[in-house]
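Count residues from 1 along the sequence.
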Amino acid sequence: MVDSVSPVSPAAQRMRRYRRRREAGQQCITLTLHEYQVWGLVACGFLAEDQRQNREAVADALRAYLSEYVMPPIE
């Protein structure tokens with residue numbers, strides 16, 4: 001007997017990620033940065049120069065910048 005497991009559709013995967021983010025109190029946004037802003041993350045030490053084209057690295061650097069300088073955790 002062959003188990004027939006249907007693959008999960010891309011739409012279902014997106015919905016699962018959305019629900020996990022929502023449950024964690026997170027939001028997903030699209031943000032356009034100017035090159036000088038990315039260089040600013042490098043200058044502040046949040047981003048390595050060779051990672052400027054790595055979208056995930058830039059997102060991580062921006063989150064770190066926001067956490068440290070703009071929005072400290074509310075206690």
Side-chain angles (χ1 to χ4, degrees):
M1 180 170 149
V2 176
D3 289 329
S4 62
V5 177
S6 60
V8 178
S9 72
Q13 292 174 351
R14 280 192 304 276
M15 184 55 72
R16 288 177 183 173
R17 288 192 303 268
Y18 166 76
R19 288 182 180 140
R20 281 195 300 265
R21 283 193 301 268
R22 187 182 61 195
E23 290 168 1
Q26 299 173 338
Q27 294 183 33
C28 183
I29 62 166
T30 299
L31 181 66
T32 302
L33 296 177
H34 291 280
E35 190 166 331
Y36 75 88
Q37 293 167 317
V38 176
W39 276 109
L41 292 170
V42 172
C44 292
F46 289 98
L47 180 66
E49 187 174 337
D50 64 339
Q51 292 294 306
R52 289 177 297 115
Q53 300 300 319
N54 180 332
R55 293 172 61 137
E56 194 61 35
V58 172
D60 290 342
L62 186 56
R63 277 191 291 273
Y65 172 82
L66 290 173
S67 293
E68 185 165 326
Y69 290 112
V70 180
M71 298 178 204
I74 298 172
E75 296 180 23

Would you list the atom pairs, donor with acceptor, under 3.5 Å between side chains in residues 8-34 and any protein atom, with sequence neighbours excluded?
unit_1: Ser9; atom_1: OG; unit_2: Ala12; atom_2: N; d: 3.1

Taking only distance into account, with no hydrogens and no angle test, what donor-acceptor pairs under 3.5 Å do side-chain atoms of residues 38-46 form with protein atoms, sequence neighbours excluded?
unit_1: Trp39; atom_1: NE1; unit_2: Glu35; atom_2: OE2; d: 3.4

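Residues in residues 37-63 take part in these salt bridge (charged side-chain N to carboxylate O under 4.0 Å, His left out) pairs, two or more places apart or across chains: Glu56-Arg63, Asp60-Arg63.
Linking Ile, Leu, Val, Met, Phe, Trp and Tyr whenever their side-chain heavy atoms come within less than 4.5 Å puts Val58 and Tyr69 in one cluster.
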